[in-house]
Amino acid sequence: MRNLSADVVACPECDLLQRIPALPPGGTACCPRCGRKLATCKPGYLERTTALAVAAAIAFLLANLEPLMGLSVAGREASTTIAGGAWKMWEQGEKITALLIALFAVIAPALQIGFLLAILLAVRRPPAPRWVGTLLRWMEIAGAWSMVEVMLLGILVSLVKIAALARVVPGVGIFAAGGLILLLAAMSSSFDPREAWSRVRWANGEGPQRTLPSGGDDATETGR
C-alpha cells in the first residue's frame with residue numbers, strides 16, 4: 001500500500017482525497033467538488049495567536065480573581081467572582097448548577113487557553129512531540145464546552161432585574177470576562193490547526209514530510 005503524503009487530506013463534506021497546494025499569504029484552498037474551505041494560509045499565526053492566548057490568560061485570571069459586580073442593599077454590600085459564585089451555589093444545595101458553572105465558565109476556558117499555549121510553544125521547533133496531537137484534539141473539545149459568553153449574558157440579565165431592588169456596581173471581573181470572550185474568539189480565528197498538525201512527529205518516530213502537489217485532484221486556490 002502506497003503511503004499518502006502529509007499534504008493529502010479528505011474533504012470533511014464529500015470525502016474527496018486531494019492534495020493541498022502551497023498557498024500564498026492569505027490564500028485559501030477549497031474542495032474542487034463541493035467548495036468546502038479546507039485550508040487557509042495565515043502568515044505570522046504563531047506570534048499573533050501566542051499574543052492573543054497570553055492576553056486571554058490574563059483576562060481569565062482577572063475574571064476569576066476580581067469581583068464581577070457589587071451589590072448594595074440597606075447599607076449592606078456584597079460581591080463575588082465566577083468561582084466564588086459557583087461555590088456559593090454549592091453551599092446552598094444547587095450542586096448541579098454549581099458544577100455546570102465551574103465546568104463551562106472556569107474549567108473549560110482554562111483548559112482551552114492552557115492547551116493552546118502548550119501547543120504554540122511545542123510547534124515552534126518542528127517536529128513537535130506526538131503529545132501535541134493529543135492536545136490539539138482536547139483543545140477542540142474544551143473550546144466546544146467553553147461558554148463564558150452564556151454566563152456573561154445571564155449576568156447582564158440579572159443586572160437588569162436586580163437594578164430595581166439594589167444598587168449594582170460593575171466590578172473589574174465583568175469587564176475582564178467581556179474581554180475574555182473577544183480574545184477567545186480572536187484566538188480561535190487566528191490559530192491554524194492544519195499548520196500545527198503538519199509539524200507533529202509521526203507515530204513511527206519520523207518527522208512530518210511535506211511534498212508539493214504533482215498531478216491528481218488538487219484543491220483549488222481562492223481568496224488571495
Side-chain angles (χ1 to χ4, degrees), residues 1-53 56 104 108-109 111-147 149-150 181-224:
M1 180 181 293
R2 184 170 59 90
N3 294 328
L4 296 177
S5 70
D7 290 326
V8 176
V9 299
C11 176
E13 292 291 338
C14 64
D15 293 331
L16 176 66
L17 287 177
Q18 53 205 294
R19 287 187 176 90
I20 302 297
L23 299 175
T28 300
C30 298
C31 176
R33 176 186 290 174
C34 66
R36 170 70 181 268
K37 184 169 70 173
L38 300 177
T40 303
C41 181
K42 301 177 180 179
Y45 87 97
L46 272 178
E47 293 74 14
R48 182 171 58 252
T49 308
T50 301
L52 291 171
F104 298 148
L111 292 178
Q112 182 184 6
I113 297 171
F115 288 161
L116 181 58
L117 284 173
I119 291 168
L120 293 171
L121 292 176
V123 300
R124 285 185 174 276
R125 293 185 177 181
R130 288 179 56 193
W131 53 261
V132 173
T134 303
L135 290 188
L136 281 163
R137 297 185 182 95
W138 281 103
M139 186 192 71
E140 184 177 356
I141 296 174
W145 287 98
S146 177
M147 301 183 184
E149 64 277 6
V150 177
I181 294 172
L182 298 177
L183 288 170
L184 287 176
M187 183 181 74
S188 300
S189 177
S190 174
F191 182 58
D192 188 353
R194 173 179 167 269
E195 180 62 28
W197 273 111
S198 70
R199 300 183 179 211
V200 178
R201 184 180 296 275
W202 291 1
N204 60 4
E206 297 179 358
Q209 298 176 358
R210 302 178 63 86
T211 60
L212 294 176
S214 57
D217 291 329
D218 291 342
T220 58
E221 179 184 329
T222 61
R224 292 198 176 186

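The first residue in the sequence is number 1, and the count goes up from there.
Here the closest heavy-atom approach between residue Ala122 and residue Trp131 is recorded as CB-CH2, 3.8 Å. Nearest heavy atom pair, residue Met187 against residue Ala56, reads SD-CB, 4.4 Å. What you find for Ala53 and Ile113 is that their closest heavy atoms are O-CG2, 3.7 Å. Heavy-atom minimum distance, Ser188 versus Gln112: OG-NE2, 3.5 Å. Counting all heavy atoms, side chain and backbone alike, Pro129 lies closest to Val200 at O-CG1, 3.7 Å. In this structure, Ala196 and Val123 approach most closely via the heavy-atom pair O-CG1, 4.2 Å.
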Would you please test Phe191 and Leu116 for side chain to side chain contact (heavy atoms under 4.5 Å, CB included) and show each step? CA-CA 9 Å; Phe191 182 58; Leu116 181 58; 3.7 Å; yes
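Arg124 is linked by a side-chain hydrogen bond (donor to acceptor under 3.5 Å, both in side chains) to Thr50, counting only residues two or more places apart in sequence or in another chain. The ring pair (Phe, Tyr, Trp, His ring centres under 6.0 Å) check on Trp138 picks up nothing, with sequence neighbours excluded. In terms of the side chain to side chain contact (heavy atoms under 4.5 Å, CB included) criterion, residue partners of Leu111 (sequence neighbours excluded) are, by chain and number, Ile107, Phe115, Ala142. Applying the side chain to side chain contact (heavy atoms under 4.5 Å, CB included) criterion to Ile181, with sequence neighbours excluded, gives Val148, Glu149, Leu152. With sequence neighbours excluded, the residues forming a side chain to side chain contact (heavy atoms under 4.5 Å, CB included) with Arg48 are Lys42, Tyr45, Leu52, Ser190, listed by chain and number.
Pro193 is not listed as a side-chain neighbour of Ile119, based on a closest heavy-atom distance of 4.5 Å or more. Contact check for Leu136 versus Trp197: side-chain heavy atoms found under the 4.5 Å cut-off.
Within a 6.0 Å sphere centred on CD of Glu47, other residues, nucleotides and ligands contribute more than 12 heavy atoms.
In this structure, the separation between CE on Met139 and CG on Leu117 is 10.5 Å, given to the nearest 0.5 Å.
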